[in-house]
There are 2 protein chains.
Amino acid sequence: MSQMQQVERQLREMILGLDIGPGEKLTERWIESRFGASRTPVRAALLRLETEGLVSRDGRGWTVSPINLAEIEQIAVYRQAVEVAAARLTAAFEDRSGLDAIEAMLDSCGTDTPREEWHRVGTDFHVELARLSGNEFLYRAVRDAMTRLSRARWLEISDEAASARAWAEHRIILNALRKGQGDEAADLLAKHIGGSRDRLVGSLQAERRGLRARGFAVIAA
Amino acid sequence: MSQMQQVERQLREMILGLDIGPGEKLTERWIESRFGASRTPVRAALLRLETEGLVSRDGRGWTVSPINLAEIEQIAVYRQAVEVAAARLTAAFEDRSGLDAIEAMLDSCGTDTPREEWHRVGTDFHVELARLSGNEFLYRAVRDAMTRLSRARWLEISDEAASARAWAEHRIILNALRKGQGDEAADLLAKHIGGSRDRLVGSLQAERRGLRARGFAVIAA
DNA sequence: TATCCCCATTTGGGATACCAAATTGGTATC
DNA sequence: GATACCAATTTGGTATCCCAAATGGGGATA
């Protein structure tokens with residue numbers, strides 16, 4: 001694997017894992033020394049991460065993208081459009097056996113599953129559902145949207161009851177898709193995404209002071 | 001403006017203007033000498049054009065992305081999802097005066113307007129409509145989709161009657177939006193996009209031999 | 001003490017040098 | 001004439017160097 005891809009992957013992991021806080025300044029030279037690569041692959045990695053929305057230009061320099069509540073709300077609307085479209089496509093297929101793998105993914109999460117795994121599966125549920133549609137653009141749209149939401153979701157205050165309800169919704173959506181009930185699944189999915197957005201934005205607004213104290217830039221909606 | 005941006009813009013124009021044919025190989029050194037820049041800005045430009053889907057990696061090298069009929073069909077589905085969502089948002093606004101600028105754009109095209117201008121306005125109608133939604137993600141999705149379709153639309157055999165009908169549809173969609181009839185506009189827009197896709201794919205399939213003879217790579221659906 | 005100014009340092013943008021891998025073109029062989 | 005093989009060239013990947021602009025810190029001044 002080329003160094004550019006290594007730098008890109010490691011830097012993405014550091015950003016998504018909040019090892020580098022939202023809003024922090026980045027210098028090409030720091031990344032260079034941190035990962036032992038020269039500036040050429042570093043710059044390539046930054047350019048690609050910029051298109052993912054994980055880093056942004058700050059005048060002449062680079063910044064880890066702040067968490068932006070207005071952006072989170074816009075992403076929810078975007079997700080409703082693309083995820084619902086993907087679900088309708090999937091529901092209309094004759095062979096919907098691909099849903100089994102997604103159900104199995106949900107099954108793999110138990111009470112002793114680490115939080116990191118729940119986070120991953122909670123993301124992959126939506127991404128894999130979009131992939132099932134067979135439409136590369138809808139799939140990429142959902143994958144990119146979930147990537148952008150990743151850090152915010154990581155910071156969300158866990159509410160056992162709400163999480164359990166959201167998890168149950170995943171099952172219900174899958175069941176509707178299984179039966180080919182596109183309209184029903186679309187409606188459930190849109191509501192599910194809306195609820196997810198409300199909890200996320202609400203949680204971040206409540207934590208905002210604490211997050212800023214930790215050095216995390218959070219832009220109000 | 002930085003050289004990287006200049007190279008990116010000029011190269012994009014050459015690709016979109018079919019000065020470099022779909023499927024053609026690109027070498028960093030050729031671009032370097034062609035635009036009088038060094039490899040650093042050239043590589044940056046290629047990385048960004050790759051995320052736009054205009055150039056692709058071909059093993060170790062670079063290729064101007066071929067025209068892909070399957071991709072065009074997938075983009076149409078994607079567009080239906082995001083453009084319809086954007087239109088619904090716009091229709092629900094109290095102040096829909098932004099539609100006037102789009103109507104004016106349509107008005108600016110007359111019988112003596114050059115084809116290039118028709119092409120641009122035909123694209124901007126959809127892009128600006130999405131921008132009116134106020135949702136940055138829907139807007140970018142439509143803009144990127146239209147960029148990817150640009151070359152194919154340029155190669156479409158012009159059918160006066162069909163074009164006139166499509167143009168009339170633009171007006172009808174605007175009128176529905178003006179009246180705040182979201183459902184009506186959504187339905188019209190989805191059909192409009194579908195029709196556009198059918199004419200486009202049909203035209204390219206019919207021309208496929210000729211295009212290949214011109215050195216344009218066209219991948220069948 | 002607050003403010004302005006100047007210079008040393010740092011930074012990203014660009015140019016160039018070097019390398020390993022891949023491509024290419026020709027040639028010898030069958 | 002087809003094919004296998006080898007050397008020369010080309011190519012993308014990387015490292016490094018230079019530069020102008022930006023940054024920032026310290027001292028002079030009011």
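Values in this document were obtained by computation on a predicted structure and should not be read as measured data. Residue numbers begin at 1 in each chain, while the letters A, B, ... track the order of the sequences.
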Mind running a 4.0 Å heavy-atom check of residues 28-43 of chain A against DNA chain C and sending the residues that fall below it, in number order?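 Those residues whose heavy atoms fall under 4.0 Å from DNA chain C, taken from residues 28-43 of chain A in numerical order, are Glu28(A), Arg29(A), Arg39(A), Arg43(A).
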Any chance you could lay out the side chain to side chain contact (heavy atoms under 4.5 Å, CB included) test for Phe125(A) and Leu174(A), step after step, and finish with the verdict? CA-CA 10 Å; Phe125(A) 171 80; Leu174(A) 276 186; 3.8 Å; yes
Between [X] (side chain) and [Y] (backbone), is there a donor-acceptor pair under 3.5 Å?
X         : Y         : answer
Trp62(B)  : Ser56(B)  : no
Arg96(B)  : Leu177(B) : yes
Arg151(A) : Gly17(A)  : no

I want to verify a distance call: between dA22(C), dA15(D), dT11(C), whose nearest atom is closest to the Arg60(A) side chain? dT11(C)
When you get a sec, tell me which of dT14(D), dA15(C), dG12(D) is the closest nucleotide to the side chain of Arg57(B)? dG12(D)
Look at all strands and tell whether Leu26(B) reaches a base, only sugar-phosphate, or nothing, counting heavy atoms closer than 4.0 Å.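 It contacts sugar-phosphate atoms only.
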Between [N] atom [atom2] and [X] atom [atom1], what is the distance in whole Å?
X        : N       : atom1 : atom2 : value
Glu50(B) : dG12(D) : CD    : P     : 13 Å
Gln3(A)  : dG12(D) : CD    : C1'   : 14 Å
Met4(A)  : dT14(D) : CE    : P     : 9 Å
Lys25(B) : dA22(C) : NZ    : P     : 16 Å

Which of parallel (below 30°), tilted (30 to 60°) and perpendicular (above 60°) describes Trp30(B) and Phe35(B)?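 The arrangement is perpendicular - the two ring planes meet at more than 60°.
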Above 12 or not: heavy atoms from other molecules or residues under 6.0 Å from CZ of Arg214(B)? no
Report all interatomic pairs (protein N or O, nucleotide N or O of nucleotides 6-9 of chain D) with separations under 3.5 Å.
none

For dT29(C), the Watson-Crick or wobble counterpart (both distances under 3.5 Å):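 Its partner is dA2(D) (Watson-Crick or G-U wobble, both distances under 3.5 Å).
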Mind running side chain to side chain donor-acceptor pair (under 3.5 Å) on His126(B) and Arg79(B) for me, showing each step along the way? CA-CA 10 Å; His126(B) 293 274; Arg79(B) 283 181 62 193; 3.3 Å; yes
Trace of the side chain to side chain contact (heavy atoms under 4.5 Å, CB included) decision for Glu136(A) with Tyr78(B): CA-CA 9 Å; Glu136(A) 184 71 17; Tyr78(B) 181 53; over 6 Å; no
For dG13(C) and Gln5(B) - does any side-chain N or O of the residue sit under 4.0 Å from the phosphate oxygens OP1/OP2? no
Ring-face cation contact, Phe216(A) with Arg212(A), 6.0 Å cut, 45° max: no
